[in-house]
Trainee: 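Mind having a look at this structure? Questions to follow.
Letters go in sequence order (proteins before strands), and every chain restarts at 1. If you're wondering where the values come from, they're calculated on a predicted model, not measured in any experiment.
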Protein chains: 2
Amino acid sequence: MINVLIADDHQMFIDGMKALLRDLPGIKVVGEACNGKEAVIHCQENLVDIVIMDVNMPEMDGVEATKALFKTNKNLKVLGLSMHRDRHFIADMLKNGASGYILKNTGKKDLLDAIHTLYKGETYVSEEVNKILLASFLKDSSKYEVNERLSERETEVLECIAVGLTTLEIGEKLFISKNTVESHRKNLLYKLKAKNTAELVNNAYKRGLIN
Amino acid sequence: MINVLIADDHQMFIDGMKALLRDLPGIKVVGEACNGKEAVIHCQENLVDIVIMDVNMPEMDGVEATKALFKTNKNLKVLGLSMHRDRHFIADMLKNGASGYILKNTGKKDLLDAIHTLYKGETYVSEEVNKILLASFLKDSSKYEVNERLSERETEVLECIAVGLTTLEIGEKLFISKNTVESHRKNLLYKLKAKNTAELVNNAYKRGLIN
DNA sequence: TATTCAATCCCTGAAAACAGGGATATTAAT
DNA sequence: ATTAATATCCCTGTTTTCAGGGATTGAATA
């Protein structure tokens with residue numbers, strides 16, 4: 001019997017997934033969580049084999065939750081799940097201990113394949129995810145890799161930018177000079193490969209850095 | 001027997017929903033659609049009582065699809081569905097013929113309540129949706145209402161802004177003068193109540209105008 | 001028919017963002 | 001001990017956006 005936990009911030013998705021897995025032999029949904037924190041707590045207190053983990057969640061996102069889970073329990077398998085076909089999420093999840101990744105626009109078959117593959121101790125990525133990873137690899141292999149993970153400060157600045165604050169206003173709010181904010185801005189543009197503020201916010205959404 | 005069609009752009013959500021409704025007496029999922037266009041076509045060719053319609057979809061969104069469906073078949077009931085708790089979507093759906101609305105963060109119970117209520121010919125909005133509508137009503141009742149619906153052109157410009165094009169570049173791409181683009185920009189800022197480009201993109205995402 | 005609305009075009013001046021340098025202190029990792 | 005990353009601060013000049021006017025056309029609607 002494979003014990004599965006579902007972590008997603010949309011109850012209806014959880015309910016649907018539970019119904020999907022309900023009648024399947026060998027699979028049992030033993031719990032649900034609407035954010036990363038709940039997922040981690042549940043796994044510490046109960047026996048869970050596989051966590052189906054959405055990446056974008058409030059409180060604690062899927063990447064952080066996976067990292068936390070992997071630290072305490074190496075036997076636990078995490079299956080990453082997201083709407084966005086963004087390579088950074090996929091890479092972050094796999095780097096931090098996830099054993100598989102599928103997109104929400106793939107269907108039931110891929111999900112079941114993934115669960116069974118993970119339970120055997122192997123890695124599963126759906127066909128589309130594989131393409132994304134391959135394309136990403138080919139593009140980056142020759143160049144030096146930029147650390148696209150944002151620092152705490154950068155994330156703060158990003159959030160301020162998104163709600164419409166100007167550089168000066170952000171400086172006042174965070175008690176730093178406007179020059180500093182401009183530096184963070186530059187680094188954000190670089191890291192998120194954006195040409196201007198509009199694209200910055202757009203890319204931040206695409207990567208789920210804002211919700 | 002209630003014949004249900006599910007329209008959502010995420011296959012996994014459709015599969016989950018199908019599983020959820022599978023074993024229920026009196027309900028039968030007779031079809032699925034991954035965009036508004038498919039939903040409309042399916043309803044023209046098959047007998048459908050209720051369409052569970054996601055708002056954010058490619059090709060043709062839920063609002064447009066509902067409008068189209070309502071023109072040809074008044075007996076058909078549409079249940080609006082979205083992740084975002086944005087009052088504009090809810091209002092747009094209900095104004096254009098939807099008989100109910102629920103959010104994806106509500107669970108199975110609300111969904112079933114909604115389906116049965118709609119089938120009886122009544123209107124259903126979940127508790128949370130009701131709160132949103134009430135708050136919206138209280139806020140707007142005294143003021144004149146701004147038509148926040150974007151024109152086609154404005155939507156085009158919005159999309160260009162989001163991918164990082166400048167006013168000049170947008171003008172070149174859409175074969176209009178930069179002055180015209182600036183006008184659209186101004187109207188967009190006004191309609192989406194944004195102070196600048198960053199907040200504009202942010203609000204557009206929050207309302208699901210970009211995906 | 002009159003009016004409203006979308007879409008187009010035009011202008012100016014101020015504010016903000018962007019490109020592009022450079023610099024220092026602290027901390028964490030190699 | 002050195003390096004790398006983070007966070008901080010500074011400057012200049014150019015480009016872009018924003019706020020604020022105004023105007024015309026055509027289509028749809030009341």
Trainee: Please confirm whether any donor atom in the side chain of A/S183 sits under 3.5 Å from an acceptor in the base of D/dC9, or the reverse.
Mentor: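 Such a pair is found, so the answer is yes.
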Trainee: Roughly how many Å is it from CG in B/N196 to P in D/dC18, rounded to a whole number?
Mentor: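 Computing the B/N196:CG to D/dC18:P distance gives 6 Å.
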Trainee: Taking atom CD of A/Q44 as the centre, does the number of heavy atoms from other residues, nucleotides or ligands within less than 6.0 Å exceed 12?
Mentor: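 Count over threshold, so yes.
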Trainee: If you only use heavy atoms from C-beta on, which nucleotide in D/dA7, C/dT8, D/dC11 is closest to the side chain of A/S151?
Mentor: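 Minimum distance to the A/S151 side chain belongs to D/dA7.
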Trainee: Within less than 4.0 Å of OP1 or OP2 of C/dC10, is there a side-chain N or O belonging to B/N179?
Mentor: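 Answer is yes, contact under 4.0 Å.
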Trainee: Among D/dG20, D/dA7, C/dA19, which nucleotide sits nearest the side chain of B/K186?
Mentor: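 Given the options D/dG20, D/dA7, C/dA19, the side chain of B/K186 is closest to D/dG20.
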Trainee: Hey, could you give me the CD1/OG1 distance between A/I161 and B/T197, rounded to the nearest 0.5 Å?
Mentor: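 One finds 12.0 Å between CD1 of A/I161 and OG1 of B/T197.
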Trainee: With DNA chain D as reference, determine whether A/F175 or B/L168 sits nearer its 5' end, using the nearest nucleotide of each.
Mentor: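 Upstream on the strand: A/F175.
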Trainee: What does B/K195 touch in the nucleic acid at a heavy-atom separation under 4.0 angstrom: a base, only the sugar-phosphate, or nothing?
Mentor: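 Sugar-phosphate, backbone atoms only, no base.
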Trainee: Could you state the CZ-P distance from A/R185 to D/dC9, rounded to the nearest angstrom?
Mentor: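 The answer, rounded to whole Å, is 16 Å.
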Trainee: What is the distance from NZ of A/K178 to P of D/dC9, rounded to the nearest Å?
Mentor: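 So the NZ-P distance, A/K178 to D/dC9, works out to 11 Å.
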Trainee: In this structure, how many angstroms lie between the C1' atom of D/dT16 and the CD1 atom of B/I161, rounded?
Mentor: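 After rounding, the reported distance stands at 12 Å.
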Trainee: Of the nucleotides D/dT6, C/dA17, D/dC18, which has the atom closest to the A/K191 side chain?
Mentor: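 Of the candidates, D/dT6 comes closest.
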Trainee: Which of these passes side chain to side chain contact (heavy atoms under 4.5 Å, CB included) with A/N3: A/I27, A/V29, A/L47, A/N46?
Mentor: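 Of all the options given, the one that passes is A/L47.
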Trainee: At less than 4.0 Å, is any side-chain N or O atom of A/T167 found next to OP1 or OP2 of C/dA16? Yes or no.
Mentor: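 No.
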Trainee: Answer with base, sugar-phosphate or nothing: what part of the nucleic acid does B/T180 contact at a heavy-atom distance below 4.0 Å?
Mentor: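 Touches a base.
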Trainee: Indicate, with a heavy-atom threshold strictly under 4.0 Å, whether B/N187 touches base, sugar-phosphate, or nothing.
Mentor: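 No contact.
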Trainee: Which residue pairs pass the ring-ring contact (aromatic ring centres under 6.0 Å, His included) test when at least one of the two sits in residues 192-211 of chain A, sequence neighbours left out?
Mentor: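 Sorted pair list: A/Y205-B/Y205.
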Trainee: Within a radius of less than 6.0 Å around CD of A/E122, do more than 12 heavy atoms belonging to other residues, nucleotides or ligands occur?
Mentor: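 More than 12 heavy atoms, drawn from other residues, nucleotides or ligands, come within 6.0 Å of this atom.
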Trainee: Hey, does the side chain of B/T197 come within less than 4.0 Å of D/dC18's phosphate (OP1/OP2), counting only N and O?
Mentor: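 For D/dC18, OP1 or OP2 has a side-chain N or O of B/T197 closer than 4.0 Å.
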Trainee: Nearest to the side chain of B/E182 - C/dA17, D/dC18, D/dT16?
Mentor: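 Ranking C/dA17, D/dC18, D/dT16 by closest atom to the B/E182 side chain puts D/dC18 first.
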Trainee: For B/Y190 and D/dC18, give me the distance from atom OH to atom P, rounded to whole Å.
Mentor: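 Distance, rounded to whole Å: 17 Å.
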Trainee: Is the distance from OP1 or OP2 of D/dT15 to the nearest side-chain N or O of B/T166 less than 4.0 Å?
Mentor: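 Negative; the distance criterion is not met.
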Trainee: Quickly work out the B/H184 NE2 to C/dC10 P distance and round it to whole Å.
Mentor: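 After rounding, the reported distance stands at 13 Å.
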Trainee: Could you please spell out the steps behind the salt bridge (charged side-chain N to carboxylate O under 4.0 Å, His left out) verdict for A/E182 and A/R185?
Mentor: CA-CA 5 Å; A/E182 266 189 40; A/R185 250 201 142 96; over 6 Å; no
Trainee: Please state how far atom CG in B/L188 lies from atom P in D/dA19, giving the value in whole angstrom units.
Mentor: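 So the two atoms are 13 Å apart, to the nearest Å.
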Trainee: In whole angstrom, give the distance that lies between atom CD of A/E152 and atom P of C/dA28.
Mentor: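 So the two atoms are 13 Å apart, to the nearest Å.
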